[in-house]
Amino acid sequence: MSKLKIISVRPQWQQELAQSFTDPQQLARFLNLPQQWVAQHEAARRLFPLRVTRHFASLMEPGNTGDPLLLQVLPHANEFIEREGFITDPLAEQNTGKNGVLHKYKSRVLVILRGGCAINCRYCFRRHFPYADHHFGQAELAQLLTLIEQDPNINEVILSGGDPLMATDQHVAQLLTKLEQVPQLKRIRIHSRLPVVLPSRLTESLAQRLASSRLQAILVLHINHPNEISPQLTQALLFWAQAGITLLNQSVLLAGVNDDAKVLTELSEMLFSARVLPYYLHQLDRVAGASHFAVSDAVARALLQQLQANLPGFLVPKLVREVAGEPSKTPL
Ligand SMILES: *Cc1c(COP(=O)(O)O)cnc(C)c1O
Ligand code: SF4
C-alpha cells in the first residue's frame with residue numbers, strides 16, 4: 001500500500017485545521033499588516049489565544065487593519081477595557097451543563113457535543129471557560145436519553161459546543177443512530193461556525209447521513225458578514241441544500257463588523273443565494289472583554305427597520321437577545 005493512502009485517512013478539514021494561525025505576527029505577515037500595530041494589541045492574546053484558519057484569513061483584505069473578518073479574530077487592546085455589566089458568565093451557564101446537556105427551553109434540549117472550536121472569536125463567551133476537554137461520551141449519552149424519556153415535551157435535539165462539527169462524521173452518525181430510536185424526537189439541529197472557516201467540513205457523506213435520517217435535519221450556520229461566504233462555502237451549502245438539509249443562519253450584531261444596514265442587507269441576499277435563510281440576529285452576550293463590540297438597542301432596532309424596508313420578510317432575521325432564565329430567546 002502506498003503511504004499516500006494511509007495519510008489520506010485523515011479528513012481534509014482536520015488537516016486544514018492543523019495549519020491554523022495561532023501567532024498574531026504570523027497572521028500579520030500573511031496579511032501584510034503593520035507589525036507595530038499588531039504588536040500594540042498582542043498582549044490581549046493572553047486573555048484568549050488567537051486561532052483562525054487559513055481559509056478564513058484568505059477572505060480578509062491584505063493591509064486592511066479594519067477588515068471586518070480580521071476584527072472578529074485578532075487580539076485587541078480594547079479587550080482590557082472593563083465595563084459594567086460585562087461579565088465572565090453572562091448566560092449563567094457555567095454550572096448548568098456539567099454533563100454536556102443544557103435543557104433551558106421546553107421542547108429543545110441542547111447538547112455540548114464538543115467543547116473545542118476551530119476559531120476563537122473575540123466576542124465569544126467561551127473565552128472565559130473554553131471547556132476544551134469536553135467530549136460527549138457514553139455516560140453523557142445515557143443521561144441525555146434518560147432526560148428525554150422523562151420529558152415528553154422534548155422533540156428536538158440541538159448539537160452545539162464549542163462547535164459540534166469538531167466531532168468526526170462517525171461520532172455524529174453514532175449519536176444520530178441512537179436518537180433516531182427515540183420515537184418522540186422529530187428533529188436534529190446542528191449549530192456550527194465550522195463550515196465558514198473550513199468549508200471542507202461540509203462533507204457529502206455527513207449530508208447524506210443526515211438527509212437519510214428519520215429525523216428532519218437542520219444546520220444553523222453562524223455567519224456575520226457577507227465576506228465570510230466564499231465560493232467554496234456556497235458550493236458546499238448547495239450540495240447540503242439539495243440533499244434536503246434545511247439551512248439557517250444566525251449572526252451576532254458587532255460594532256465595526258456588521259452594524260450597517262447595507263452590510264446586513266447584502267448578507268441576507270448572499271445567504272439566500274447559497275440557499276440559507278436568515279434566522280436570528282443576536283445582540284451580543286455581555287461578556288467581559290467584548291464591550292467594544294456592543295451595539296445599543298436603539299441602533300439595533302433602527303438597523304432592523306432598515307432591513308425590513310430593504311428586504312422581503314423572509315430575509316429579515318429576528319432580532320433577539322439571550323436573557324438568563326427566560327423560556328426562549330427574547331425579541332427586542
Ligand atoms: C438558543 C438556544 C436554544 C435554541 O433556541 P431556538 O429559539 O429554538 O433556536 C436551545 N437551547 C439553548 C440553551 C439555547 O441557548
Ligand atoms: S465559532 Fe462560536 S463557539 Fe467558536 S469561538 Fe466563535 S462564537 Fe465561540
Side-chain angles (χ1 to χ4, degrees), residues 17 20 47-53 55-56 69 71-75 89-97 100-132 134 144 147 151 153-167 186-198 201 216 218-225 228 246 248-254 257-258 277-285 287 289-290 293 317-331:
L17 184 61
S20 295
L47 300 177
F48 191 42
L50 171 96
R51 187 167 177 76
V52 58
T53 62
H55 176 78
F56 199 72
L69 277 54
L71 293 180
Q72 293 179 59
V73 298
L74 195 72
D89 184 19
L91 306 180
E93 280 180 354
Q94 235 156 62
N95 298 317
T96 18
V101 176
L102 271 175
H103 185 209
K104 293 203 304 193
Y105 300 166
K106 202 170 162 187
S107 65
R108 293 87 91 205
V109 59
L110 191 138
V111 168
I112 312 281
L113 192 61
R114 282 301 292 265
C117 205
I119 183 169
N120 283 345
C121 307
R122 310 311 297 175
Y123 52 85
C124 181
F125 66 91
R126 273 180 64 247
R127 57 183 292 144
H128 298 293
F129 50 115
Y131 31 41
H134 183 86
L144 172 68
L147 176 84
D151 187 344
N153 290 314
I154 298 172
N155 61 17
E156 178 172 353
V157 172
I158 302 173
L159 307 186
S160 182
D163 200 304
L165 289 184
M166 288 291 277
K186 293 181 179 158
R187 291 182 290 275
I188 174 103
R189 197 191 322 171
I190 297 177
H191 279 222
S192 177
R193 186 151 161 78
L194 237 77
V196 181
V197 299
L198 290 171
R201 180 64 194 93
Q216 280 189 295
I218 303 148
L219 175 65
V220 183
L221 299 142
H222 171 184
I223 304 174
N224 296 324
H225 191 282
E228 294 173 32
T246 298
L248 304 175
N249 183 61
Q250 52 182 347
S251 308
V252 181
L253 189 55
L254 298 166
V257 174
N258 61 6
L277 284 172
Y279 178 36
Y280 281 141
L281 177 60
H282 286 271
Q283 266 294 37
L284 184 78
D285 294 330
V287 60
F293 285 117
K318 295 180 176 76
L319 179 62
V320 295
R321 148 170 305 126
E322 195 165 341
V323 181
E326 288 297 309
S328 72
K329 305 272 187 269
T330 307

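All values reported here derive from a predicted model rather than from experimental measurement. Numbers here simply count residues along the sequence, with the first being 1. Side chains included, hydrogens not; waters and symmetry mates left out as well; all remaining heavy atoms used. In each ligand, atom 1 is the first atom listed, and ligand 1 is the first ligand listed.
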Only heavy atoms of [X], strictly under 4.0 Å: list the atoms of ligand 2 that pass.
X    : value
G162 : 3 (S)
R193 : 1 (S)
R126 : 3 (S), 4 (Fe), 5 (S)

From K329, Q250, R189 - option closest to atom 8 (O) of ligand 1 by heavy atom: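 Looking at heavy atoms only, R189 sits closest to atom 8 (O) of ligand 1.
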
Sub-4.0 Å heavy-atom approach of I119 to ligand 2: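 It does; at least one heavy atom falls under 4.0 Å.
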
Non-hydrogen atoms of H191 and I158 that approach each other most closely: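 That would be CD2-CG2, 3.6 Å.
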
Among all protein heavy atoms, pick the one closest to [atom] and tell me residue, atom and distance.
atom                    : value
atom 2 (Fe) of ligand 2 : H222 ND1, 4.0 Å
atom 6 (Fe) of ligand 2 : C121 SG, 2.4 Å
atom 4 (Fe) of ligand 2 : C117 SG, 2.2 Å

Distance-only polar pair, side chains of N153 and Y105, donor-acceptor under 3.5 Å: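 Absent: no donor and acceptor within the cut-off.
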
V197 backbone acceptor or donor facing T53 side chain under 3.5 Å: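 Judged by distance alone, yes, a pair lies under 3.5 Å.
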
C124 near atom 4 (Fe) of ligand 2 via N/O/S, less than 2.8 Å: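 No, outside the cut-off.
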
Short N-O contact, E326 and R321, less than 4.0 angstrom: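 Result for this pair is no, no salt bridge flagged.
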
